[in-house]
J.: 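Take this structure, written in structure tokens, and hold onto it; I'll ask about it next.
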Amino acid sequence: GLTTRQRDEILLGIAGSLTILVSAPWLVRKGLNIPLALQGESLKALYLIAAAFPLVITQAGFRGVLEGLQRFDIVNSVNVAFGIFSFAGSLVVLQFSTHLGILAAVVIIGRLICWAVSLGFCFRLIPTLRYWKAPEPLLARRLLAFGGWMTVTNLVGPLMVYLDRFLIGAWLSMASVAYYTTPYDVVTRLWIIPSALVSALFPVFSATHTLGSSSSMRLFSLSVKYVYITLFPLTLLIATFAQEGLAFWLDDIFAAQSTRVLQWLAAGVLLNSLAQVPFSLIQGAGRPDLTAKLHLLELPLYLFCVSLLIRNLGIEGAAIAWTIRVSIDTIVLFLLAWRSFLRKSVVNLSFIFAVLASLTGLLIVSLLPNVVVKIWVYVLTLPLFVLGSYRFLLTRDERMNLKGRLDEVRRRMGKKHARSG
């Protein structure tokens with residue numbers, strides 16, 4: 001039947017809607033530096049967001065049900081369809097209107113469709129969800145304890161994500177928010193890679209989180225390495241050609257404002273992507289209280305840091321503060337995973353050295369003078385990174401396994417070429 005956690009999500013969504021409804025006039029007129037001409041449509045957009053808030057909250061519960069059933073095909077299909085609808089719908093609407101309320105309505109319609117489709121699949125896969133059933137008292141208490149700490153994480157985490165934007169809007173200008181959020185939205189698209197992996201890891205860690213189990217350690221180690229090997233070339237590409245990419249996509253003025261922001265955030269995204277693996281292990285092992293307490297400790301420190309740096313360095317200061325926060329978060333999460341569940345180091349000195357060298361490399365490429373030098377540095381660095389990762393990061397068994405998979409791919413391609421010829 002309708003689970004306790006799902007009912008909690010509904011109540012949380014209603015509370016969130018009421019909070020947005022009550023605070024929207026203050027945010028528009030005083031909290032943010034929104035120009036007077038845009039306040040009317042901004043207020044309407046916030047009201048629409050408030051109405052859709054319960055959909056967003058409960059959608060997370062439906063996704064958890066599907067992931068628990070190992071139906072990642074459905075989860076990914078729904079997410080991809082929603083992303084395409086949001087971008088394509090907004091582009092179509094922009095041909096006729098730039099009203100913020102209309103754009104928000106398009107995104108909300110997509111969210112509603114996504115919500116309905118996810119609910120339909122949940123009913124189809126678990127027909128008993130259609131009927132009300134009172135939860136067992138013992139199970140209800142366990143769900144409330146588990147869900148309560150996860151709720152803290154899900155509230156404090158997004159608060160720290162969006163806190164810098166509110167402070168930039170309040171202390172600088174809404175134009176500065178655009179200069180900050182555009183590179184942020186670009187580089188955080190890389191989270192698709194670790195998020196897809198973590199979605200599959202969570203139920204596996206839930207089943208194999210026995211203290212120090214070999215399967216958990218092997219899976220943890222391999223996941224961290226693959227996330228790093230996959231993401232570093234992409235973050236290096238973004239950091240190296242940040243100025244040229246922003247100038248080509250937008251203009252030189254925008255690039256001058258946002259290049260440093262994009263480069264700082266690229267380093268932060270790399271570290272945060274690595275942190276998603278220990279985060280998944282801790283959550284899957286049934287200890288969301290550890291991550292929740294960590295976020296509660298981080299919040300006041302981050303508020304102080306981001307406030308100080310925004311006032312002194314502007315939007316680049318916000319990016320620096322965000323990167324510092326996720327760096328500390330990454331270190332602590334790895335320590336928690338190691339001390340609480342693994343009890344054996346699965347991240348060796350070679351990996352730590354590689355990450356530090358990567359961060360140094362991101363700093364160096366941000367100082368390169370012209371595009372020709374950048375191209376040469378990137379072209380020379382990439383093969384060295386691939387060879388170094390293969391030789392020093394992967395174990396002998398992992399190298400043999402990778403070699404076997406590559407040989408299998410080559411055989412299949414050879415057979416396909418022979419048939420086509």
Side-chain angles (χ1 to χ4, degrees), residues 9 55-87 107 110-111 114-115 117-118 121 150-151 153-162 181 183-207 209 216 219-235 237-238 262 265-285 288 291-292 294-295 322-323 325-327 329-330 333-334 336-337 355:
E9 288 167 351
L55 297 178
V56 177
I57 296 295
T58 53
Q59 166 67 21
F62 300 151
R63 174 174 177 170
V65 171
L66 295 172
E67 290 178 349
L69 295 172
Q70 302 286 307
R71 292 307 305 266
F72 301 107
D73 55 334
I74 298 175
V75 173
N76 292 331
S77 297
V78 171
N79 288 341
V80 169
F82 172 69
I84 294 174
F85 180 89
S86 298
F87 282 102
V107 176
R111 179 68 68 180
C114 176
W115 181 89
V117 171
S118 299
F121 275 112
M150 292 196 72
T151 299
T153 296
N154 292 333
L155 286 175
V156 178
L159 177 61
M160 288 192 288
V161 169
Y162 293 102
T181 57
Y184 181 94
D185 289 340
V186 168
V187 73
T188 53
R189 296 298 174 188
L190 295 178
W191 280 339
I192 294 175
I193 297 172
S195 295
L197 176 63
V198 166
S199 297
L201 287 176
F202 180 83
V204 177
F205 281 146
S206 297
H209 72 268
S216 291
L219 183 61
F220 184 95
S221 175
L222 195 61
S223 300
V224 171
K225 292 175 185 177
Y226 279 179
V227 168
Y228 169 71
I229 292 171
T230 303
L231 281 184
F232 175 69
L234 298 176
T235 53
L237 179 67
I238 291 173
L262 182 56
L265 293 177
V269 165
L270 175 63
L271 293 172
N272 185 256
S273 298
L274 297 176
Q276 292 191 36
V277 180
F279 181 88
S280 178
L281 173 63
I282 294 168
Q283 296 275 5
T291 54
L294 171 61
H295 286 159
W322 187 86
T323 302
R325 181 185 71 81
V326 298
S327 300
D329 193 70
T330 300
L333 285 172
F334 271 97
L336 286 174
V355 173

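For the numbers below, each heavy atom of this structure counts, side chains included, while hydrogens, waters and symmetry mates do not. Quantities reported herein were computed from a predicted structural model and do not represent experimental measurements.
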J.: What salt bridge (charged side-chain N to carboxylate O under 4.0 Å, His left out) pairs are there with at least one residue in residues 186-195, not counting sequence neighbours?
T.: none
J.: Do Val107 and Phe82 pass the side-chain contact (heavy atoms from CB on, under 4.5 Å) test, and can you show the C-alpha distance, the side-chain angles, and the key distance before you say yes or no?
T.: CA-CA 9 Å; Val107 176; Phe82 172 69; 4.3 Å; yes
J.: Sequence neighbours excluded, which residues qualify as side-chain contact (heavy atoms from CB on, under 4.5 Å) partners of Phe121?
T.: Leu66, Ile74, Val117, Arg124
J.: Applying side-chain contact (heavy atoms from CB on, under 4.5 Å), name anything that partners Val186, two or more places apart in sequence or on another chain.
T.: Trp249
J.: Taking the side chain from Thr235 and the backbone from Phe232, do they hold a donor-acceptor pair closer than 3.5 Å?
T.: yes
J.: Just verifying a value: how many Å separate Leu271 CG and Leu333 CG, rounded to the nearest 0.5 Å?
T.: 11.5 Å
J.: Can you tell me how far CG of Asp329 sits from CH2 of Trp322, rounded to the nearest 0.5 angstrom?
T.: 10.0 Å
J.: If every non-hydrogen atom of Val78 is compared with every non-hydrogen atom of Ser118, which pair is closest and at what distance?
T.: CG1-OG, 3.9 Å
J.: What heavy-atom pair brings Ala266 and Val187 nearest, and what distance separates the two atoms?
T.: CA-CG2, 3.6 Å
J.: So do Leu190 and Ile238 actually touch side chain to side chain, heavy atoms under 4.5 Å?
T.: yes
J.: Report the residues that fulfil side-chain contact (heavy atoms from CB on, under 4.5 Å) with Ile193, sequence neighbours left out, ordered by chain and then residue number.
T.: Thr230, Leu231, Leu234
J.: Using the side-chain contact (heavy atoms from CB on, under 4.5 Å) criterion, which residues pair with Phe85? Sequence neighbours excluded.
T.: Val106, Ile109
J.: Return the set of residues passing side-chain hydrogen bond (donor to acceptor under 3.5 Å, both in side chains) with Ser273 (not counting sequence neighbours), or none when no residue passes.
T.: none
J.: Decide yes or no on side-chain contact (heavy atoms from CB on, under 4.5 Å) for Val224 and Phe220, but give the supporting numbers first.
T.: CA-CA 6 Å; Val224 171; Phe220 184 95; 3.9 Å; yes
J.: Return the CZ to CD1 distance between Phe334 and Ile282, rounded to the nearest 0.5 Å.
T.: 10.0 Å
J.: State, with a plain yes or no, whether a side-chain heavy atom of Phe279 is found less than 4.5 Å away from one of Thr330.
T.: no
